[in-house]
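Notes for the one structure printed next.
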Amino acid sequence: MTNQVTMNGPGDPKLHFVFVPFLAQGHMLPMIDVAQLLAKRGVLATVIITPFNASRIKNTIDRAAKAGLPIRFVPLRFPCAEVGLPEGCENVDVVPTAELAKNFFEATGLLGKPLETYLREQQQPYPSCMVSDFCNPWTREVASRLGVPLFTFYPMCSFFLLGMHNILHSSIHDAIADETEPFVVPGLAHKIEVTKARTPELFPGTEWEKIREGIKAADRAADGIVVNSFSELEPWYLERYQEVVEKKVWALGPLSLCNKDAADMANRGKKASVDKDRCLRWLDSMKPRSVVYVSFGSLTHVAPSQIIDVGAGLEASNHPFIWVIKEIENSPEVERWMSGAFERRTSARGLIIKGWAPQLMILSHPAVGGFITHCGWNSSLEAISAGVPMITWPFFGDQFLNERLIVDVLRTGIMAGVKDPWMWGTVSNEVSVRRDDVEKAVRSLMDVGDQERELRRERATELGEKARKAVEEGGSSYVNMTLLIEYVRNKLHHSCNPLGS
Ligand SMILES: *[C@@H]1O[C@H](CO)[C@@H](O)[C@H](O)[C@H]1NC(C)=O
Ligand SMILES: *[C@H]1O[C@H](CO)[C@@H](O)[C@H](O)[C@H]1NC(C)=O
Ligand SMILES: CC(=O)N[C@H]1CO[C@H](CO)[C@@H](O)[C@@H]1O
């Protein structure tokens, strides 16, 4: 084969990054952000998606196309029927039951062949590397058959990754019988106290063993790891994590900051369920830093009794609020309670969004002074970037360790007081945080005059500034991206790939 590579600049082979996101909102959007950032630096980016997701992220796709960025979105047919999933079930947040989650992973695994075929058919330019979500360990074989480097993308922070690594390698879990007995995570720079229940393995039990082993194998084979974080946020943890995994870890975040203008921000994810202008007008009418924003993320399912206690606590706090209630949580019981006296009593200072909220736009508004969050990493990082202090309310997965990072290390948040983790795919009937505690947390975070509150706010503001600097030209994440591009370019020059020069 002759050198059929198109040129970027003098003597530079055109770089082509192939992105394989995991089909869950919180994984997909940050990875598309990486793709967009690279495309803005002149690198060709291909993002593998499915038809379902194509319709969901249509806004993002349209805007990338309008901006003339060298980015392609390639929908591959998602094999629902082959694995017994209902048609259209192409995103983890629409998988109907927890049992079917395994089928979902099985279906993603079947994308390997069509992906390879597609990439081979694309003559120009041949892929230079693959960036794959860690939940897609099947990409290891595709990358290896194509002879290109693989990078694993973790939409998480290295505090969590290192913490879990240390916990699993020290076998400290085995030494503890009680799920609720506190222990200190070994080998960290801070004293971080957790329990077994709050540090679950991501894919626990024998039924997930294949996935777990696959992830380990893909990590070993990978040239490096990409995380949605930035050096100034967790310098010690990033360094140490590189040491333990013995490979480079590129921190490219906060990725959401690549959506600078309001339209980009408002247009993330699904179509918003609230008129954006109305939302903005409402925020504009509020005093600076007076509003508390409440959202529990896209995957959790909060029980009606808990929703009612959140509402009662918000009302009792006397602070203005924006509160997101997902469709799935808007049960007849909740609806009845809302449309009764609650909505009337709080209509002057409460905006309730039923469905999907333009979160980035809300968090970036000067009227917002606090965020009750489920501590999903993307939401946490969005709040950190916006300089907004948090009330932490974790549910599952990495969220409990993220809470510790926010409360103990960054000290930009306080705890709502959640005790037990939530089981994915269930609706608990129990109230995890009672209305009085919701009220108390909102008051501690938002009431004016408390010195601790002012210091927390200052720390949050400073961190937000550092976050924004990190992604600017010359900032740490910007430079990390340059280094990643150079790394891939070097590989291309030195590989035996027929397309390397
Ligand atoms: C990312 O940038 C930081 C700060 O500039 C630097 O210390 C680190 O080595 C870079 N990471 C990689 C993988 O090059
Ligand atoms: C993060 O998750 C929240 C809620 O789950 C969502 O509103 C937001 O758009 C997500 N952002 C990214 C970057 O995925
Ligand atoms: C092909 C496919 O499954 N399309 C679905 C995409 O998502 C929308 C809702 O977001 C569905 O209505 C489509 O059927």
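In listed order, ligands and their atoms are each counted from 1.
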Those protein residues which place at least one heavy atom below 4.0 Å from ligand 1: S231, Q242, V249, W250, S476, N480, L483
Could you note down all residue pairs passing ring-ring contact (aromatic ring centres under 6.0 Å, His included) where residues 459-478 supplies at least one of them, sequence neighbours left out? none
Do F153 and F134 make the cut of ring centroids closer than 6.0 angstrom? no
Looking only at the aromatic ring of each residue, does the gap between the centers of H27 and F22 stay below 6.0 angstrom? yes
Do Y241 and F160 make the cut of ring centroids closer than 6.0 angstrom? no
Run the salt-bridge test on E179 and R198 with the 4.0 Å N-O cut-off and return the result as yes or no. no
Charged N to carboxylate O under 4.0 angstrom, R459 versus E452? yes
